[in-house]
K.L.:
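There's a structure below that I have some questions on.
In each ligand, atom 1 is the first atom listed, and ligand 1 is the first ligand listed.
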Amino acid sequence: MPNRSYHELAVPHVLSKGVYEPGKPIEIVALESGKDAASILKLASNENPLGPSPLGLARAREALGDVSQYPEDSAWFLREKIAEKRDLDPAEVIVGHGSSGVIEMLCQAFAGPGRTVVTGEHAFIAYKLFTLQQGAQIVEVPLREFRHDLEAMLAAVRPDTSLVFLPSPNNPTGTANTAPEIVAFAKALPEKVIFCFDEAYAEYLDDPVDLRPLIAAGRKIFCTRTFSKIFGLAGLRIGYGYGDRELIRVLHQVRPPFNVNSAALAAALGALEDDDYVARSRTVNREGLTQLYTGLKDLGLDYVPSAGNFVLVRFEDSGKVFQYLYKDGIIVRPLQGYALPDHLRISVGKFDQNRRLLDALARGAERGFAGA
Ligand SMILES: *Cc1c(COP(=O)(O)O)cnc(C)c1O
């Protein structure tokens, strides 16, 4: 007779980690609320409101005809393209199923029992989940006015620290550190610590910090980027990391075979050529942020100015506001998992979508967010 539960049989540190809680998908909300899927507005996952890059989408459609074939495992053409665009060598680039897939490989290779990983308290949660999954310990350093406190992070580095994660702009706070701050931090870290700089929102910045010269100079730095955000390909799961070629060779030791599908590889190639779409996305985002700031201010709400495509907003009762919006067919992101229970994260939409959100908040405020 079976007498052991699967939980007892699991490797303990696998269970020590929480499970990632994504924003609610539109299909599920439609099912639960009985609303038409087309009427639901999702501003919960920092997706591009313009939809996928048209050039990327066209290339993905072409690739679908060949899906009886395994994908090209080394992502050769995409690495060539990234290298050309970013002035890197293809051997300095590795591709993963989302940049979280790349971050997972980094943790598999460098985090483990007896090691610590340093990041910020309200940093993107994947660092913590993948660290705990490897049986390493996470050290979460408090932020300062919602920004990563790089001095405190430096002080938190211990002899057993193998990795440090810094996202800038950070999700969910939207805050960025300045280029001089980040460069000084990278230079001050001990030589044996690998600094992972997460650039998921770099394309939204006017002047993103460039750590390539430090990588070339031999600093232990690994940068990650994604096709999920400005390129609008979140559903295809593709991202990349770049760093020293020896580091990339180590990461290939843990990379699962065929870790990126052929439609995603093709779409990413197209998206990297879609300069018009990227420019339009930036404009829509900049205007959307201004629109949201104005609207939130009019409602007397506190928000954290954002360098990304989303805003952190503080409410008296965020749970009530979440429910109110949800019943109105608007999905935003609760942040209990990020230890920010008073805040909701709201992704920037197109003009009419932002208007709908602000109108719903105004109506809700009048009724104390009771019922929708
Ligand atoms: C969205 C996001 C990612 C990327 O996720 P993917 O796995 O590439 O979809 C990485 N880092 C941060 C900070 C993010 O917000």
Side-chain angles (χ1 to χ4, degrees), residues 19-23 25 42-49 52-53 56 75 78 82 93-108 117 119-131 133 140 143 146-148 163-177 182 195-205 208-209 222-242 251 255-256 259-261 263-265 267-268 271-272 281 285 304 306-312 332-333 335 337-338 340 343 345-348:
V19 175
Y20 183 76
E21 286 176 42
K42 184 183 176 203
L43 298 174
S45 299
N46 305 347
E47 292 141 337
N48 189 326
S53 143
L78 180 58
I82 292 167
V93 179
I94 189 164
V95 177
H97 57 279
S99 55
S100 26
V102 177
I103 290 163
E104 181 177 19
M105 290 191 270
L106 188 73
C107 288
Q108 285 177 330
V117 173
T119 190
E121 188 184 2
H122 311 295
F124 183 51
I125 208 154
Y127 319 135
K128 175 166 149 181
L129 298 184
F130 292 132
T131 294
Q133 189 177 310
E140 293 176 288
L143 305 195
F146 297 102
R147 283 174 80 241
H148 273 85
L163 288 172
V164 171
F165 283 101
L166 175 67
S168 182
N170 178 42
N171 168 15
T173 58
T175 49
N177 291 88
I182 294 165
F195 172 31
C196 180
F197 184 56
D198 183 338
E199 303 181 277
Y201 302 95
E203 296 86 358
Y204 286 103
L205 300 175
V209 58
F222 182 60
C223 300
T224 57
R225 289 204 176 191
T226 181
F227 290 96
S228 299
K229 303 289 156 65
I230 209 163
F231 295 107
L233 301 176
L236 287 174
R237 312 303 306 123
I238 182 161
Y240 68 95
Y242 57 99
L251 294 179
R255 183 176 67 81
N259 63 324
V260 181
N261 71 72
L265 288 168
L272 281 177
S281 302
N285 189 61
V304 180
S306 173
N309 64 345
F310 54 91
V311 196
L312 189 66
V332 297
R333 191 72 136 78
L335 296 169
Y338 279 93
L340 290 167
H343 290 79
R345 192 192 66 198
I346 300 174
S347 304
V348 178

K.L.:
Could you pull out the closest heavy-atom pair between F310 and P172, with the gap in Å?
P.N.:
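The pair with the smallest heavy-atom distance is CE1-O, 3.5 Å.
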
K.L.:
Taking atom types as modelled and ignoring hydrogens, do the side chains of N171 and R345 form a donor-acceptor contact shorter than 3.5 angstrom?
P.N.:
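Yes, because at least one side-chain N or O of N171 sits under 3.5 Å from a partner of the opposite role on R345.
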
K.L.:
Can E199 and Y242 be counted as having a side-chain donor-acceptor contact under 3.5 angstrom?
P.N.:
yes

K.L.:
How would you list, by chain and number, the residues with a heavy atom under 4.0 angstrom from ligand 1?
P.N.:
G98, S99, S100, F124, N171, D198, A200, Y201, T226, S228, K229, R237

K.L.:
How are the rings of F124 and Y127 set relative to one another: parallel (under 30°), tilted (30 to 60°) or perpendicular (over 60°)?
P.N.:
perpendicular

K.L.:
Taking ring-ring contact (aromatic ring centres under 6.0 Å, His included) as the definition, give me every residue that meets it alongside Y338, ordered by chain and number, with sequence neighbours left out.
P.N.:
none

K.L.:
So which heavy atom on P169 is nearest to which on G174, and how close?
P.N.:
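Between these two residues, the closest heavy atoms are CB-O, 4.0 Å.
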
